[in-house]
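Quick caveat: nothing in here was measured; it's all calculated off a predicted structure.
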Amino acid sequence: LLTHRSKIFKSTRRHLSNAGIPCVDFTAGCKMPQGDWKVMLAMERTLWNAISKAPDSILQPNLILVDEIHLNNFSKIIDFFKSRSRCFVVAFSGTPQGKHLHKYFTQIIKNVDSSDLILSGDLVPCRAYQAQDKEVDSVKKSKGEFDDKKLFKHYNTAKRYDGLINEYNEKVKGQKGIIFCCNIEHTVKTYERFIAAGINAFMVHSGNKNYPSPNFDNMIEAFEMSTDGVMINQGILDTGYDHPPIRFVAVDRATTSLTL
């Protein structure tokens with residue numbers, strides 16, 4: 001089993017354990033697991049480093065499962081194993097696009113929609129609200145998506161910060177949730193506004209020279225232990241983050257993504 005992010009790694013390990021599937025971990029700084037194991041979970045970068053250093057020490061799998069295959073991070077690992085012997089590759093992606101995919105796959109087994117995951121109990125049904133913002137169409141785009149710096153200028157007004165807090169108070173006050181911002185400065189300013197409004201807010205972002213990154217582990221732990229916390233986030237708690245008590249998600253940034 002191959003993943004590309006630590007949060008997905010931890011989530012996958014937890015789900016395997018809950019399902020009663022025995023699994024060994026291969027993480028950075030550890031040696032390749034030995035013994036009579038059947039399933040191994042590894043980060044793609046960790047496994048590739050091990051392959052590069054000592055390819056003969058790597059056991060040959062019969063089946064490779066890959067998450068987020070559209071990213072193309074895994075191609076060299078798949079090529080390595082397929083060059084040694086025949087093995088099956090099954091992969092998963094919410095956006096199965098990429099020039100590399102035709103090299104490994106002959107068919108899409110099944111498209112799974114959000115409605116299917118809700119029926120199976122893997123996702124909860126949601127009530128969606130969308131703010132009307134005709135002015136955002138004038139924001140400059142880069143490579144098909146809104147430019148983060150230009151988007152920040154669009155959102156960085158008292159009217160929009162107050163509007164977000166008003167929507168929180170009106171629709172989800174006191175509930176646990178996560179808010180996605182367009183860049184680091186937007187994250188910091190949104191956090192400051194929520195704190196000033198007396199809301200139990202937390203913040204994580206990647207940091208820069210003007211805004212040092214907060215301590216991820218401490219901030220995430222405090223948020224997860226809270227009952228009414230609101231996590232203001234940019235680029236950290238996204239793919240693979242799994243915290244079931246969350247009751248609302250607010251995307252406080254425009255996007256051209258059809259999925260969102």
[X] and [Y]: same hydrophobic cluster, using ILVMFWY side-chain contacts below 4.5 Å?
| X | Y | result |
| --- | --- | --- |
| I179 | Y191 | yes |
| M231 | F180 | yes |
| I184 | F152 | no |
| F92 | F105 | no |
| I236 | I178 | yes |

Salt bridge present between R14 and D242 (N-O < 4.0 angstrom):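 Yes.
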Electrostatic pair D252:R160 at N-O distance under 4.0 angstrom: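 Salt bridge flag = no for R160 with D252.
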Under a 3.5 Å cutoff, is there a donor and acceptor pairing between the side chains of [X] and [Y]?
| X | Y | value |
| --- | --- | --- |
| N233 | Y241 | no |
| Y104 | D79 | yes |
| N72 | S75 | yes |

Backbone of [Y] reached by a side-chain donor or acceptor of [X] within 3.5 Å:
| X | Y | value |
| --- | --- | --- |
| H100 | I69 | yes |
| T46 | T27 | no |
| S17 | R13 | no |
| Q60 | F81 | yes |
| H243 | P245 | no |

With sequence neighbours excluded, residues passing side-chain hydrogen bond (donor to acceptor under 3.5 Å, both in side chains) with R45: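 Not a single residue meets the side-chain hydrogen bond (donor to acceptor under 3.5 Å, both in side chains) criterion with R45.
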Cation-aromatic face contact K176/F223, 6.0 Å, 45 degrees: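 The answer is yes, since K176 meets both limits relative to F223.
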Member of T3, L2, V24, L65 meeting the side-chain contact (heavy atoms from CB on, under 4.5 Å) criterion with L41: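 It is T3, the one option of T3, L2, V24, L65 that forms the side-chain contact (heavy atoms from CB on, under 4.5 Å) with L41.
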Test salt bridge (Lys or Arg N to Asp or Glu O under 4.0 Å) applied to D228 and K173, step by step: CA-CA 8 Å; D228 61 350; K173 184 176 181 179; over 6 Å; no
